[in-house]
Amino acid sequence: METRYATLIIGVIVAATLIAGLVVGAQRDDRSGPVDLVVLNGRVFTGAGQEPAEALAVRGHEILRVGSNREMKRLAGAATRVIDAHGGSVLPGFIDGHVHFMSGGIGMDRVNLLDAESLDAITRKIREFAAANPDRPWVLGRGWYYSPFPGGLPTRQQLDALVPDRPAYMTCYDGHTGWANTAALKLAGITAKTPDPADGVVVKDPKTGEPTGVLKEAAMGLMSKVLPQPTRADRLRAIRRASEEASRLGITSIHEAGTSDASLELFEEVRREGALNVRVYAALSVTDAMTAADADAFDALRLKYAANPQIRIGAIKVMADGVIEAHTAAMLAPYSNNPTTGHANYTPQELQRIVSMMDRRNWQVMTHAIGDGAVRMTLDAYEVAAGANPAPPAGRRHRIEHAETIDPADIPRFARQNTIVSYMPFHANPTPAQLTVWTTNIGPDRSSRGWIVRTMQQAGARQVFGSDWPVVALDPRLEINMAVTRRTADGKPPEGWLPDQAISLESAIENMTAAGAYASFDEARTGRIQPGQLADIVILSKDVFAQPPARFLDAVVDVTILGGKVVYGGRSSTESRDSGST
Ligand SMILES: [Zn+2]
């Protein structure tokens with residue numbers, strides 16, 4: 001019964017594919033009519049090791065042709081929109097392989113301290129934000145680093161001086177420490193008498209016993225209870241703003257690393273408005289309590305979005321451990337400055353149960369595993385599932401997110417199991433603010449295997465790049481620059497941090513484009529500038545492959561095109577046409 005039904009379904013799919021093929025084929029063979037858009041005078045990146053092309057033509061949502069200026073000019077008619085790339089690089093639209101789009105968007109309504117590396121900069125940004133937003137009952141922000149503060153931690157008095165009139169609360173860039181002013185502490189009822197919660201610390205002044213304003217780990221929960229929660233309208237606005245920001249930065253697809261039915265409904269609402277300027281590949285958040293009934297509900301939800309033109313669900317997001325900075329990443333051996341081996345959120349058995357269950361249902365598993373212990377446990381779970389379940393139709397493409405340090409014995413397993421390593425290269429930004437605590441906690445040997453992009457490439461592992469915004473900035477150029485130079489944006493240290501791990505610019509761009517398409521089962525439609533692919537394209541202000549090489553960061557995004565529609569820039573060219581939907 002089940003087999004007959006399956007045969008019928010396969011028959012329908014084959015028929016539908018044939019029809020779709022005919023339609024697409026007909027469109028591609030139609031070389032007589034004019035095209036909708038041409039990009040001329042570019043250095044069009046057509047893949048690693050390929051000669052760049054000059055120009056491309058778009059019809060409808062797709063790339064029709066890639067080739068010379070002359071050829072594309074012949075395809076253009078009076079109604080064709082012409083974009084002059086002025087010699088700049090033309091790349092596939094960036095795919096952010098790991099992002100928290102909703103929270104990033106919410107953060108855009110708050111003080112952003114990610115680029116504030118000095119106490120002066122922190123002070124200025126908070127003061128300016130408070131002055132510009134006098135009506136907000138709270139001043140909220142995130143992204144401060146420990147190092148600008150004497151002793152490594154801020155105080156409530158410092159924040160009182162900047163925001164004296166209302167509660168203020170700022171979370172650290174790593175999300176593990178909070179900084180409150182006196183008004184916020186008062187609202188949360190935090191006093192000298194407040195005990196430390198389990199797994200958290202209310203930091204107190206050793207002389208007076210009064211809270212200093214710093215809340216560590218679970219103590220942040222005392223503040224969360226009184227913080228204003230974003231409303232539905234706030235969340236919708238967050239998606240719209242994040243979407244605009246993505247277009248400004250050349251991002252055309254995102255992998256939302258941990259979301260829910262309710263959040264996806266809001267993405268869908270923004271899409272129907274026509275304001276969702278990215279393709280969304282969603283990973284649904286799970287916990288170790290996940291049941292088969294939950295999996296059934298996930299299956300139904302995946303089906304609900306199966307025909308959605310911009311939103312797809314294909315993965316579950318598992319949080320296997322914490323972070324190295326807080327000694328919560330699960331390590332094979334104790335930390336270098338602390339006897340703990342960290343904390344895994346799952347037992348190996350629990351992880352295996354969920355991975356096998358979802359693998360059998362043809363879901364991709366996307367596991368946050370930062371420490372070498374969590375990485376091994378996750379590889380083991382993927383291996384067990386592969387041994388127990390039949391191979392899915394598109395192959396097994398489970399992923400490990402972050403994998404900040406990997407035991408040498410596990411490096412070859414990624415290629416062997418086709419497990420994708422999902423790196424956020426800019427997390428390795430080698431400033432004292434960002435890297436000192438990380439390297440001190442795990443010591444020199446394990447640090448030497450930090451974000452080993454090149455080693456993994458040589459070991460044949462599939463990779464994908466993402467930002468993890470809002471943990472760091474959303475700009476894909478920062479990821480690419482870091483992967484290529486292993487230096488900060490201002491070139492420090494000059495020799496680079498683990499410089500042997502730098503990869504070529506071509507590889508870095510592919511990890512931020514084609515690799516993202518593969519990692520989301522979307523490589524037939526996106527990730528490359530090729531005829532038949534969706535016209536998701538970014539035009540940069542400079543040729544990033546010019547010799548001698550320009551700094552990648554000196555190039556800015558001039559134009560972003562999503563499915564043939566210009567969603568950012570392009571003002572200087574023919575304005576009148578707008579191709580409508582994406
Ligand atoms: Zn993340």
Side-chain angles (χ1 to χ4, degrees), residues 94-108 110 112 114 142-143 171-177 217 220 235 238-239 242 245-246 249 251 253-260 263-264 267 278 280-287 313-326 328-330 342-346 351 364-371 374-375 378 398-406 419-429 434 438 450-451 453 463-476 478-479 482-483 511-512 515-516 519-520:
F94 294 125
I95 298 177
D96 192 323
H98 183 125
V99 67
H100 305 277
F101 210 60
M102 174 77 86
S103 34
I106 289 169
M108 290 176 79
R110 298 178 177 179
N112 171 20
L114 281 174
R142 61 156 293 132
T171 45
C172 177
Y173 82 101
D174 65 11
H176 290 266
T177 310
E217 302 290 344
M220 297 171 73
R235 286 156 61 82
I239 297 169
E245 184 70 354
L249 297 170
I251 297 166
S253 293
I254 59 155
H255 299 179
E256 181 75 341
T259 185
S260 66
S263 291
L264 287 171
F267 276 95
V278 287
V280 178
Y281 178 69
L284 301 173
S285 298
V286 304
T287 68
I313 303 174
I316 57 162
K317 170 81 188 294
V318 177
M319 290 287 289
D321 67 348
V323 297
I324 286 171
E325 288 82 350
T328 49
H343 180 72
N345 299 327
Y346 288 74
L351 187 62
Q364 180 185 55
V365 183
M366 197 194 262
T367 305
H368 162 121
I370 286 186
V375 169
T378 307
H398 298 315
R399 314 170 33 155
I400 295 186
E401 311 298 302
H402 310 290
E404 291 184 0
T405 181
I406 306 173
T419 294
I420 299 165
V421 58
S422 173
Y423 274 132
M424 291 95 223
F426 193 62
H427 282 192
N429 192 28
Q434 222 160 313
W438 189 92
W451 296 269
V453 179
Q463 304 190 9
V464 58
F465 281 177
S467 66
D468 208 14
W469 185 56
V471 176
V472 298
L474 181 62
D475 192 345
L478 295 171
E479 306 300 332
M482 185 59 58
N511 279 357
M512 205 80 222
S520 59

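Just so you know, ligand 1 is whichever comes first in the structure, and atom 1 is the first atom listed for that ligand.
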Anything under 30° is parallel, anything over 60° is perpendicular, the rest tilted; go ahead and classify H402 against H368.
perpendicular
For the pair H255 (side chain) and Y281 (backbone), establish whether a donor and an acceptor sit closer than 3.5 Å, ignoring hydrogens and angles.
no
Does the side chain of E217 come under 3.5 Å of the side chain of H176 through a donor N or O and an acceptor N or O?
yes
Of all the atoms in H100, is at least one N, O or S atom closer to the Zn ion (ligand 1) than 2.8 Å?
yes
Could you tell me which N, O or S atom of D468 is nearest to the Zn ion (ligand 1)?
OD1
Ring-plane angle category for F101 and F267, please: parallel below 30°, perpendicular beyond 60°, tilted otherwise.
parallel
The Zn ion (ligand 1) to H98: any N/O/S contact under 2.8 Å?
yes
Any N/O/S of E401 under 2.8 Å from the Zn ion (ligand 1)?
no
